[in-house]
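Quick notes on the structure that follows.
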Amino acid sequence: MSIDWNAYSSDGFYDELVAAPERGHAALAGLMADLEALGPDELVARQAAADVSIKEMGITFTVYSEEGGTIDRTWPFDIIPRMIPQAEWERVDAGLRQRVAALNLFIDDLYHEQRIIKDGVFPAEVLEKSVNFRPQCVGVDPPLGIWAHICGSDLVRDSDGTIYVLEDNLRVPSGVSYMLENRLVTKRVLPELFEHYAPLPVDDYPSQLFDTLAALSPRPADYPAVAVLTPGIYNSAYFEHSYLAQQMGCELVEGRDLFVDTDDCVYMRTVDGLARVDVIYRRIDDLFLDPEAFLPDSALGVPGIMRAWKAGNVALANAPGAGVADDKVVYAFVPDIIRYYLDADPIIPNVPTYRCMDPEALAYTLANMEEMVVKPANESGGYGMLVGPASTKAERDAFALLIKKDPRNYIAQPALRLSTVPTIIGSRLEPRHVDLRPFILSSDRQQVTMGGLTRVAMRKGSLVVNSSQGGGSKDTWIVPDPVSADD
């Protein structure tokens with residue numbers, strides 16, 4: 001039995017694979033033919049093999065239960081790769097580099113002269129009510145002037161094929177380990193397709209990450225001491241923390257493993273005695289990082305680490321305070337931020353966004369909530385937002401009261417018709433909505449992953465891709481179109 005693409009219906013949504021032939025993407029058209037040749041029975045068998053591999057490899061993620069405990073779950077993965085032509089990706093790559101460069105200039109400006117506010121481009125009110133602005137960081141000059149060394153920007157594709165930036169994640173972005181593991185599993189279960197299309201590599205990310213971190217070291221050395229700081233085994237991203245530390249050949253530490261001495265340097269307790277640490281890739285939120293500077297009862301952080309950072313004796317990635325640009329209201333200003341700092345138009349557009357702090361935008365949002373997605377400024381993981389088309393009148397009325405109470409805390413966007421890709425559901429291929437999180441590294445150079453983590457809304461009709469809410473993932477292939485005999 002073979003796959004009947006004529007029976008595959010994306011219900012009017014833009015399907016990235018099925019729409020490929022009419023857009024002239026030869027590699028994607030070839031993938032359709034190869035999947036058809038394999039047939040549904042073989043694809044289901046290989047999906048089962050992938051599921052077994054994931055269990056054997058111990059690839060898990062942690063969710064928090066309603067009872068307050070934690071549950072480890074096997075990472076949900078679909079073997080049908082998401083393919084993006086290299087020619088299209090080159091524009092995305094340039095747009096992400098542009099965006100993160102502007103955001104780093106923006107963050108640095110906010111903690112110094114605040115020129116963008118004085119020039120009337122960014123409202124002082126937004127900064128005054130920012131929950132992620134850290135007064136403790138004012139005047140600090142991080143190495144190379146970079147605050148967000150690792151950024152994960154979420155991309156979506158609309159019904160006409162346009163790629164938008166949905167949001168930026170600059171505090172402690174996660175998911176890159178699953179991007180790497182997805183590639184390993186795909187190589188194992190679809191070796192012939194992998195060899196035929198030769199997607200551009202992602203497995204050099206750990207070495208790129210180490211080089212990014214090493215470039216921040218305050219001490220000239222061939223091999224600086226780099227550590228990954230984790231909150232511990234009960235954190236939802238602990239698998240990623242341990243995975244990246246292992247892949248980089250770095251120490252994985254908790255706050256209790258480090259201390260700051262009287263010389264304002266950070267040391268690690270080891271079986272051989274104390275060892276100085278030069279760079280810390282911290283996966284702990286700002287407020288828990290240093291009980292001397294932030295929450296005094298935090299048992300996760302390192303007392304005095306902010307002193308060491310300010311003294312230039314240790315580098316922290318991402319820098320404390322970088323999350324000021326994570327605010328979804330700040331997101332609405334990113335096109336203006338790019339124009340202000342780089343004197344250029346954004347290469348990748350934002351999703352059209354209404355700032356509810358503006359009276360006209362507020363009125364429009366309240367009048368059109370059935371068609372809007374309304375988001376609070378600082379929630380993540382798909383929580384706390386209203387998806388208008390899927391909401392009840394009671395939910396919209398309740399949300400309207402929240403918006404009216406604090407308009408600055410909300411933005412609204414039209415409900416996009418997110419693109420779909422074929423996904424194995426039972427014994428069939430069905431369309432499912434996706435987004436994409438590439439990762440951008442910044443220090444003495446910028447590097448963008450060749451693709452990223454494709455997240456899939458596994459439930460039919462759902463737009464929520466987060467794994468904590470039932471989402472899955474796919475391997476993302478950046479592929480050149482085949483060279484024809486006439487070229």
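Index from 1, following the sequence.
Of all the heavy atoms in T186 and N182, the pair that sits closest is OG1-O, 2.7 Å. Residue M385 comes nearest to P376 through the heavy atom pair CA-CD, 4.0 Å, listed as atom of the first residue, atom of the second, then distance. The two residues I3 and E36 come nearest to each other via the heavy atoms O-CG, 3.4 Å. S442 approaches I146 most closely through the heavy-atom pair O-CG2, 3.7 Å. Across R82 and S419, no two heavy atoms sit closer than the pair NH2-OG, 4.3 Å.
Residue R46 holds its CZ atom at 10.5 Å from CD1 of I424, rounded to the nearest 0.5 Å. Once rounded to the nearest 0.5 Å, the distance linking OG of S153 with CG of D435 reads 11.5 Å. If you take CD1 on I107 and CG on L170, they are separated by 5.5 Å, rounding to the nearest 0.5 Å. Within the model, atoms CD1 of I478 and CD of E90 stand 10.0 Å from one another, a figure rounded to the nearest 0.5 Å. One distance of note links OG of S473 with CZ of F77; it measures 6.0 Å at 0.5 Å rounding. For the atom pair SG of C250 and CG of L213, the computed distance is 7.0 Å after rounding to the nearest 0.5 Å.
Heavy-atom neighbours of E42 CD from other residues, nucleotides or ligands within 6.0 Å: above the threshold of 12. Sparse packing is recorded around CD of E251, with 12 or fewer heavy atoms of other residues, nucleotides or ligands lying under 6.0 Å away.
A donor-acceptor contact shorter than 3.5 Å links the side chain of N350 to the backbone of Y331. Panel note: side chain Q47, backbone I79; a donor-acceptor pair is recorded below 3.5 Å. Looking only at distances, a side-chain donor or acceptor of D326 sits under 3.5 Å from a matching main-chain atom of R171. Put simply, the side chain of D158 never gets that close to the backbone of D160: no donor and acceptor are under 3.5 Å apart. Checking side-chain atoms of D211 against main-chain N and O of Q208 turns up no donor-acceptor pair under 3.5 Å. Formation of a donor-acceptor pair under 3.5 Å by the R157 side chain with backbone atoms of T420 is not found in this model. Judged by distance alone, the side chain of Q446 and the main-chain N or O of R97 form a donor-acceptor pair under 3.5 Å. Distance alone, capped at 3.5 Å, is enough to place a donor-acceptor pair between the S207 side chain and the D204 backbone. The backbone N or O of L166 lies less than 3.5 Å from no partner atom in the side chain of D154, so there is not a single donor-acceptor pair. At distances below 3.5 Å, at least one donor-acceptor pair connects side-chain atoms of H433 with backbone N or O atoms of L418.
Between I80 and L43, the closest side-chain pair of non-hydrogen atoms falls below 4.5 Å. In this structure, the side chains of V92 and L96 come closer than 4.5 Å at one or more pairs of heavy atoms. Between I54 and V185, the closest side-chain pair of non-hydrogen atoms falls below 4.5 Å. At least one side-chain heavy atom of L31 sits less than 4.5 Å from a side-chain heavy atom of Y197. Between V330 and I337 there is a side-chain heavy-atom pair separated by less than 4.5 Å. Contact check for D15 versus P422: side-chain heavy atoms found under the 4.5 Å cut-off. Counting only heavy atoms from C-beta outward, the side chains of Q98 and I338 approach each other to under 4.5 Å. The shortest side-chain heavy-atom distance between V100 and V448 does not fall under the 4.5 Å cut-off.
None of V165, I163, T162, L416 except one satisfies the side chain to side chain contact (heavy atoms under 4.5 Å, CB included) rule with V156; the exception is L416.
Using the six-membered ring where Trp is involved, F106 and Y341 have ring planes that are perpendicular, over 60° apart on the 30 and 60° scheme. Using the six-membered ring where Trp is involved, W5 and Y8 have ring planes that are perpendicular, over 60° apart on the 30 and 60° scheme. Ring orientation note: the planes of W477 and F194 are nearly perpendicular, at an angle over 60° on the 30°/60° scale.
K460 pairs by the side chain to side chain contact (heavy atoms under 4.5 Å, CB included) definition with R432, not counting sequence neighbours. Residues satisfying the side-chain hydrogen bond (donor to acceptor under 3.5 Å, both in side chains) criterion with D78, sequence neighbours excluded, are K474. Remark: P231 engages N235, H241, I284, L300 in a side chain to side chain contact (heavy atoms under 4.5 Å, CB included) (not counting sequence neighbours).
N318 and W147 share no donor-acceptor pair across their side chains, judged by distance under 3.5 Å alone. Under 3.5 Å, the side chains of T476 and T454 contain a donor-acceptor pair of N or O atoms.
Classification of R339 and D345 as a salt-bridged pair holds, one side-chain N sitting under 4.0 Å from a carboxylate O. Using a 4.0 Å cut-off between charged nitrogen and carboxylate oxygen, K187 and E195 do not count as a salt-bridge pair. Using a cut-off of 4.0 Å between Lys/Arg side-chain N and Asp/Glu carboxylate O, E240 and R283 are scored as salt-bridged. Between R99 and E167, none of the side-chain N atoms (NZ, or NE/NH1/NH2) sits under 4.0 Å from a carboxylate O, so this pair counts as no salt bridge. K55 and D51 are not joined by a salt bridge, as no carboxylate oxygen comes within less than 4.0 angstrom of a charged side-chain nitrogen.
A cation-pi contact, defined as under 6.0 Å to the ring centre and within 45° of the axis, links R355 to F333.
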For the pair R417 and E371, evaluate salt bridge (charged side-chain N to carboxylate O under 4.0 Å, His left out) and give the outcome as yes or no after the intermediate values.
CA-CA 11 Å; R417 294 178 59 80; E371 304 169 5; over 6 Å; no
